Amino acid sequence: MKLVPYLVIALATITSTTDWQALGKQWWAHVQFLADDRLEGRGMGSAGFEQAASYMAQQFEAAGLAPAGTDGFRQPIDFDVVQIDQPQCSLGLLRDGNAEPLKLGEDAVIGVNAHTAEHIEAPLVFAGYGLRVPEMKYDDLAGQDVRGKIVVYLTGGPANMPGPIKAHFQSGEERSKTLLKAGAVGTIALQNPRSAEVPWSRVAAGSLLPRMQMSHPGPRTLPSLPISITFNPAHAQELFAGSGHSFEEILADADGDKPLPHFPLMVKVQARVAVKRSQVKSENVAGVLTGSDPALRNEYVIVSAHLDHLGIGEPVHGDRIYNGAMDDASGDASLIEIARAMRDAKAAPKRSILFLSVTGEEKGELGSAYFAAHPTVKGRIVADINMDMYLPLFPLKYLEVQGLGESTLGDDIRVVASAAGVEVQADKEPEHNRFIRSDQYSFIKKGVPALAFKFGYVPGTPEEKTFKAWYSERYHGPADDLSQPVDLVAAAQFNNILERLVLRVADADKRPEWKADSFFRRFAR
Ligand SMILES: [Zn+2]
């Protein structure tokens, strides 16, 4: 009983001597460098990205990390670039032989890839959520012939399907695998406005950015669908005219957790697609703190963030630079600060800790996928702790953890956060699929337990408003820049919690494991 007050005093002493403000400023200085206009939004292949990569390498070295790339701290990767040439494209509906032109950018946008067809004309079928999940005995394609057709689907999934399953089967990779197998030639995605993160204007602007693929993706990579279209939900009714169903009715069914109907649509799509192709080199940046235990040092705990952002794009209020201060300069700054704090504390963890700043996240988690397929370290990767726009916009009282219930890493973050007086929350918005929407998923698919984070809040509070407004006003827009309000003290406290988490995992007797009932356990060999 006497230990308790003693412990409280001890902890209070530690926290009262920590100058969070100073640590926060140190963290912010890295964000300021990486998200400065001079770095051009860190688009892959740009001089700005190269400066960012040099900065990370220098900072890793200054923090005492050893180079862990294939060329010093760097791991160069070749990418093929495809960018839509929108003025040369056309999109229209064919109804009873009559052509109805659509306005690209306003009615719909075309997503291109290396396999995009130059010309396509195909009938449409509405297939609910467009999902086929054998283990849930759920099949939106059942009884439908989608061969040669474009599958129109609503984003999301049935309410009774567990979040991780829904998320996994909604990933681009799984969708094209299933639909290609079924013989479909394309998709039209209809975003449920209820779960839209950004306004349509930003979807349209994003579609004009270059798309990338690894030049040497490896033999097991599947081709993509010949065409993928995203339709503006505000105009989606045009697709349903004459079908006996309305888009409104489908949204009402989805929002009321009722099963969605499946039916042919009375229109065909006609598309002509022109693209510009090029090549780009980019790289991951990796540094290692080698473990102190002769046996365990061959096991690696990865701490990751992504270095690329959207670069220069469509202007919004005259600003063309997509700085990506939170997305994800914040995470790179945390990588540096965590490495530096470990050096200052003379940390000697048993396992090795690999600090990894990856490229190509915004293009589909490409740099992390490349690293997971071609690790630069010999040994076993046992965990990935990923930081991608964790959003330190208000004081750190709650920490939302993606993957909390999936592996023993969830137990670790609970212990570490509660010691810091921070309450852990599970993902409050599983419909946003965040657990599979950043680099941790590249490692999860290789069987590696992982976590990702967001600052948490209690629904109905001003913090919720701040959090949601950030998405609608700044996410993937030029306003994610250095002029936004950020809580530096909270960011420093987050870094400290992450440092403790990583050290705890690196020092544990046993390596992290998936929970017996985790969906993601299937990827572990
Ligand atoms: Zn992003």
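Numbering of ligands and ligand atoms starts at 1, following listing order. All values reported here derive from a predicted model rather than from experimental measurement.
A salt bridge links Lys515 with Asp411: at least one charged nitrogen is closer than 4.0 Å to a carboxylate oxygen. Checked for salt-bridge contact, Glu197 and Arg434 meet the test: a charged N lies under 4.0 Å from a carboxylate O.
Taking backbone and side-chain atoms together, Asp327 has an N/O/S atom less than 2.8 Å away from the Zn ion (ligand 1). Under 2.8 Å from the Zn ion (ligand 1) lies an N/O/S atom of Glu362, whether from backbone or side chain. With 2.8 Å as the limit, His306 does not count as an N, O or S neighbour of the Zn ion (ligand 1).
Side-chain N/O atoms of Asp480 and Gln484 include a donor and acceptor closer than 3.5 Å. Side-chain contact check for Ser304 and Asn386: at least one donor-acceptor pair (N or O, by modelled atom type) lies under 3.5 Å.
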